[in-house]
Participant: 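What follows is a structure written as structure tokens; I'll ask about it next.
Convention: sequence-line order gives letters A, B, ...; per-chain numbering from 1.
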Amino acid sequence: MDNDKIDRIINKHRGKAGSLVQVLMEIQEENHWLPREVLEKVGEKLDVPLSRVLRIATMYKTFSLTPKGRHEIHICTGSACHVRGARRVLETVQDLTGIKPGETDSDSRFSLETVNCQGCCALGPVVAIDGKTHGRISPDEIADALKKYD
Amino acid sequence: MSEITLQIDGREVAARKGMTVLEAAKKAGISIPTLCHHEKLEPYGGCRLCTVEVEERGRTKMVAACLYPVEKDLVVKTRTEKVDRIRKMILELLLAHAPDAFELQDLALEYGADRDRFEKESSFCLHCGLCVRYCAEVKKKNAIGFINCGTRREISFIPEIASKECWNCKECFPLCPTEALQAAFVLTKALVFPSPLSELKG
Ligand code: SF4
Ligand code: FES
């Protein structure tokens with residue numbers, strides 16, 4: 001975790017309680033998860049009680065309170081992707097990585113999440129890996145794609 | 001502050017501008033059931049048990065009495081068929097979470113709420129937020145807060161703060177309409193309070 005960068009993000013919003021969500025998002029983006037000490041520091045510097053920081057940090061799915069793997073896989077299981085075979089894609093990914101949605105493997109290589117819509121149903125089934133979208137993907141293709149990430 | 005009159009259950013009631021319907025009703029001796037309301041705390045509007053029907057310029061709507069400000073010539077009805085139906089439903093939903101909550105029993109009787117209408121999902125917390133808000137607003141300690149969202153939402157003590165502040169306070173305990181709060185405290189104490197031994201060692 002890069003403390004300098006995190007401090008810089010926090011200092012930018014010093015004393016501004018209204019920037020809480022923004023700060024947490026920037027740190028999440030930078031660090032991929034929100035460690036407890038960081039949340040405490042955010043509360044202190046923005047002058048927001050820790051109870052509220054925790055309420056917000058646990059409220060939104062964007063925020064992670066546990067470390068994430070190096071690569072984040074988001075599989076869309078919304079209705080359009082579902083009818084186009086998202087379940088089989090999800091099963092393949094689960095088999096290959098050994099993790100279920102919400103989990104991270106022990107080598108911290110992958111984290112897996114399901115999402116409900118990525119906003120491009122015509123491309124279903126959609127999988128995003130580290131923000132890069134793979135559309136109309138088949139179980140075989142996703143198995144190939146995963147090999148490129150280490 | 002200027003006095004206005006409004007009508008509650010057919011009676012002319014005097015109130016001050018800025019008062020809520022609940023306060024005006026109370027002053028006139030008309031009772032409206034509440035669960036998440038507390039005089040020392042900011043209005044919250046969480047439980048909706050205080051729902052009443054108001055009529056304004058010929059239109060009626062359902063509002064939370066603990067939030068809704070009085071207005072001149074407002075017509076309020078605190079017990080209509082619709083109001084009773086809403087309260088009954090709220091009570092039945094709450095009873096699925098805390099079937100034995102003391103405060104719910106008399107209300108359930110009054111509104112004919114069936115405690116077995118919905119499948120039990122005993123979380124015991126009614127999400128009234130009294131404990132959380134009392135700690136934040138009155139004691140200013142913020143030792144307890146809500147976490148997670150939707151059906152997973154629950155109260156949670158902050159161990160670092162609770163282990164220092166709660167021993168001599170516990171003023172939120174009697175506010176809780178169920179025993180969820182005390183249970184959560186005991187659990188936090190047992191699981192995550194720093195043990196006296198580790199504190200001695202520093
Ligand atoms: S623990 Fe009790 S006081 Fe606190 S929110 Fe739940 S029901 Fe209300
Ligand atoms: S008392 Fe009005 S919403 Fe709870």
Side-chain angles (χ1 to χ4, degrees), chain A residues 6 10 13-25 27-28 33-68 74 76-79 100-104 111-117, chain B residues 36 38 41-42 44-46 123 125-167 169-173 175-176 180-181 184-185 187-189 191-194 198:
Chain A
I6 292 177
I10 299 177
H13 298 275
R14 235 202 162 89
K16 284 189 274 178
S19 306
L20 179 60
V21 171
Q22 168 97 35
V23 171
L24 294 181
M25 278 172 72
I27 299 174
Q28 173 75 38
W33 73 291
L34 305 172
R36 178 83 171 195
E37 313 84 69
V38 170
L39 293 176
E40 282 166 15
K41 200 188 261 181
V42 168
E44 220 173 90
K45 294 284 169 64
L46 265 62
D47 207 9
V48 175
L50 182 60
S51 59
R52 191 183 320 160
V53 178
L54 286 172
R55 190 180 81 209
I56 302 297
T58 55
M59 169 94 188
Y60 299 103
K61 229 179 153 187
T62 325
F63 301 131
S64 172
L65 300 193
T66 47
K68 287 275 182 184
H74 289 101
C76 184
T77 52
S79 7
K100 291 200 194 60
E103 296 178 347
T104 299
S111 295
L112 178 59
E113 291 286 349
T114 56
V115 293
N116 287 328
C117 187
Chain B
C36 68
H38 190 284
L41 305 177
E42 290 292 313
Y44 186 58
S123 57
C125 175
L126 303 180
H127 291 191
C128 67
L130 285 171
C131 54
V132 172
R133 292 180 293 135
Y134 190 86
C135 193
E137 292 175 31
V138 177
K139 305 300 288 189
K140 306 213 168 8
K141 299 295 184 203
N142 297 291
I144 180 165
F146 278 110
I147 56 164
N148 293 333
C149 79
T151 51
R152 288 172 49 241
R153 193 167 192 248
E154 59 180 349
I155 52 153
S156 168
F157 280 93
I158 314 265
E160 299 90 324
I161 305 176
S163 62
K164 279 199 224 94
E165 306 291 350
C166 297
W167 295 113
C169 173
K170 296 186 181 161
E171 283 171 33
C172 58
F173 281 23
L175 300 180
C176 181
L181 177 61
F185 182 74
L187 204 65
T188 315
K189 193 170 74 178
L191 294 177
V192 276
F193 270 23
S198 69

Participant: With a 4.5 Å limit on heavy-atom distance, are the side chains of Glu40(A) and Glu160(B) in contact?
Facilitator: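 Of all side-chain heavy-atom pairs linking Glu160(B) with Glu40(A), at least one is under 4.5 Å.
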Participant: Looking at Ile147(B), Ile144(B), Asn148(B), Ile161(B), which has the largest count of heavy-atom pairs under 4.5 Å with chain A?
Facilitator: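 Most pairs with chain A among the choices: Asn148(B).
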Participant: Can you name the nearest heavy-atom pair linking Ile158(B) to Leu50(A), along with the distance?
Facilitator: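 Reported closest heavy-atom pair: CG2-CD2, 3.6 Å.
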Participant: Closer than 3.5 angstrom, by distance alone: can the side chain of Ser51(A) be matched with the main-chain N or O of Gly145(B) as a donor-acceptor pair?
Facilitator: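 Judged by distance alone, no pair lies under 3.5 Å.
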Participant: Under 4.5 Å, heavy atom to heavy atom: which of residues 60-68 of chain A reach chain B? Give them by number, or say none.
Facilitator: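 Answer by number: none.
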